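First the structure, in the form of structure tokens, and then the observations on it.
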Amino acid sequence: MNILREDNVFVGILISVFITSTVFYTLYILNQSLSIGTCESNCLRERFIASMAAFSNFFPFVIYMRSKKDNAMKGVGMITVLLAVFVMLFYYITGHTSILN
């Protein structure tokens with residue numbers, strides 16, 4: 001049996017971390033490659049990219065909810081809440097501009 005189809009909290013955590021990191025990396029690389037010169041006014045801020053990466057967990061959450069896999073849905077929900085709190089604390093409350101520099 002395929003491990004990704006199991007109803008397990010660990011599977012939800014694994015899927016959530018994979019999707020979040022993939023979306024963040026893809027948006028960050030696209031933003032860097034499409035910006036011309038300095039990234040002052042014509043590119044996305046890193047905190048917006050991190051927010052979109054955390055929001056991307058909405059899709060596996062809904063998929064697990066509709067397929068009635070409650071444990072995997074709980075794993076996705078836990079990681080989403082942790083990421084949202086981290087993004088809010090790191091970027092919006094403390095005022096950091098970048099985590100990668």
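Remember, predicted model here, so these are calculated numbers, not experimental data.
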Exercise for the section: Output yes when a side-chain donor or acceptor of Thr94 lies under 3.5 Å from a complementary backbone atom of Leu89, and no otherwise. Expected result: yes
Practice task
Please answer: with hydrophobic residues joined when any side-chain heavy atoms are less than 4.5 Å apart, are Val81 and Met78 in the same cluster?
Solution key: no
Problem - Beyond-backbone contact of Lys69 with Asn8, side-chain heavy atoms, under 4.5 angstrom - result: no
Completion exercise
Exactly one of Val76, Ile15, Asn57, Thr80 clears side chain to side chain contact (heavy atoms under 4.5 Å, CB included) with Thr20, and that residue is Asn57
Exercise for the section: Flag the pair Tyr64 / Val11 as yes when at least one side-chain heavy-atom distance between them is below 4.5 Å, and no otherwise. Expected result: yes
Exercise for the section: To the nearest 0.5 Å, tell me how far Phe61 CZ sits from Ile19 CD1. Expected result: 13.0 Å
Handout entry: Crowding at OH, Tyr92 (>12 non-hydrogen neighbours, <6.0 Å)
Key = yes
Exercise for the section: Taking Ser16 for its side chain and Ile13 for its backbone only, find out whether a donor-acceptor pair lies under 3.5 Å. Expected result: no
Exercise for the section: Measure the CZ-CG distance between Phe24 and Leu83 for me, rounded to the nearest 0.5 Å. Expected result: 11.0 Å
Problem - ILVMFWY network linking Phe18 to Val23, side-chain heavy atoms under 4.5 angstrom - result: yes
Exercise for the section: Check whether the side chains of Tyr91 and Glu46 place a donor and an acceptor atom closer than 3.5 Å, and report yes or no. Expected result: yes
Problem - Separation of Glu6 CD from Asn71 CG (nearest 0.5 Å) - result: 11.0 Å
Exercise for the section: Output the distance between atom CD1 (Ile63) and atom CE (Met73), rounded to the nearest 0.5 Å. Expected result: 13.0 Å
Problem - Met88 with Ile79, same ILVMFWY side-chain cluster at under 4.5 Å - result: no
Exercise for the section: Give me the ring orientation class for Phe59 and Phe55: parallel if the planes are under 30° apart, tilted from 30 to 60°, perpendicular past 60°. Expected result: perpendicular
Handout entry: Side chain to side chain, Ile49 and Arg45, heavy atoms closer than 4.5 Å
Key = no
Practice task
Any chance you could measure Leu27, atom CG, to Ser51, atom OG, to the nearest 0.5 Å?
Solution key: 11.0 Å
Practice task
Group every Ile, Leu, Val, Met, Phe, Trp and Tyr by side-chain heavy-atom contacts under 4.5 Å, then state whether Val87 and Ile93 land in the same group.
Solution key: no
